[in-house]
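Structure first, then comments.
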Amino acid sequence: QKYLVESGGGLVQPGDSLRLSCSASGFTVAGYSIGWFRQAPGKEREGVSCISFSDRATWYGGSVKGRFTIFRDNATNTVSLQMSSLKVEDTAVYYCVARPAPPSACINRRMTPGDYWGQGTQVTVSS
């Protein structure tokens, strides 16, 4: 059984920081990029950030560049997303995704063959 288990969501205020983590198990992560998509109510799903487990490549969506940092732990097959300077518009359900492609493929918001998706974790930024 293949799993992506997310943790770290919650309620924070604008300007705060929050870290999301995603632990992958049940499959070989080499050849995958693992990262985060998000979907806010009434909006389309968008790619947030992805990182390769084959090299050092990363990808960030335009709305989070400079504020979010993605990194991985090869020993535990865990990907973390450090989110800083959070804005109200960052409020969404964040989904961990494993995609058999380079991180830049995360610009494609649609599910693609071979993807694994987590259950999602809510991030709410509100004063």
Donor-acceptor pair, Ser49 side chain versus Trp59 backbone, under 3.5 Å?
yes

For the pair Thr28 (side chain) and Ala30 (backbone), establish whether a donor and an acceptor sit closer than 3.5 Å, ignoring hydrogens and angles.
no

Heavy-atom donor-acceptor pair, Gln13 side chain to Ser127 backbone, under 3.5 Å
no

Tyr32, Val79: one ILVMFWY side-chain cluster at the under-4.5 Å cut-off?
yes

Flag yes if Val97 and Val29 sit in one hydrophobic cluster, no otherwise; membership is Ile, Leu, Val, Met, Phe, Trp, Tyr, and two members link when side-chain heavy atoms are under 4.5 Å apart.
no

With Ser25 via side chain to side chain contact (heavy atoms under 4.5 Å, CB included) - residues at least two apart:
Tyr3

Could you state whether Val93 and Ile34 fall into the same hydrophobic cluster, counting links through intermediate Ile, Leu, Val, Met, Phe, Trp or Tyr residues with side-chain heavy atoms under 4.5 angstrom apart?
no

Would a distance-only check, ignoring hydrogens and angles, find a side-chain to backbone donor-acceptor pair under 3.5 Å from Thr78 to Thr76?
yes

Please answer whether the main-chain N or O of Ala101 pairs with a side-chain N or O of Ser33 as donor and acceptor at a distance below 3.5 Å.
yes

With the side chain counted from C-beta on, respond yes when Thr112 and Arg99 share a heavy-atom pair under 4.5 Å apart, and no when they do not.
yes

Phe68/Trp36 aromatic ring centres below 6.0 Å:
no

Is the charged tip of Arg72 near the ring of Phe53: under 6.0 Å from the six-membered ring centre and within 45° of its axis?
yes

As a test of understanding, state which of Arg110, Arg109, Arg38 forms a salt bridge (Lys or Arg N to Asp or Glu O under 4.0 Å) with Glu44.
Arg109

Nearest-0.5 Å distance, OG of residue Ser126 to CG of residue Asp16
11.0 Å

Among Ile, Leu, Val, Met, Phe, Trp and Tyr joined by side-chain contacts under 4.5 Å, find the other residues sharing a cluster with Leu11 and list them by chain and number.
none

So, for Ser85 and Asp90, which heavy atoms are closest and what is the spacing to 0.1 Å?
O-OD2, 4.4 Å

Please give me the minimum heavy-atom distance between Val88 and Pro14, naming the atom from each residue.
CG2-CG, 4.0 Å

Is Arg56 close to Thr58 at the side-chain level, that is, under 4.5 Å between some pair of heavy atoms?
no

Arg67 side chain vs Ser63 backbone, donor-acceptor pair below 3.5 Å:
yes

Could you check if a side-chain atom of Tyr60 sits within less than 4.5 angstrom of a side-chain atom of Thr69, using non-hydrogen atoms only?
yes

Is it possible for you to say whether Tyr94 and Trp117 belong to one hydrophobic cluster, with membership spreading through side-chain heavy-atom contacts below 4.5 Å?
no

Close side-chain approach of Val5 and Cys22, heavy atoms under 4.5 Å:
no

Whether Glu6 side chain and Gln119 backbone form a donor-acceptor pair below 3.5 Å:
yes

Step through it carefully: locate the ring centre of Tyr116, locate the ring centre of Phe27, and say whether they are under 6.0 Å apart.
yes

Would you please say whether a donor-acceptor pair under 3.5 Å links the side chains of Glu89 and Thr91?
no

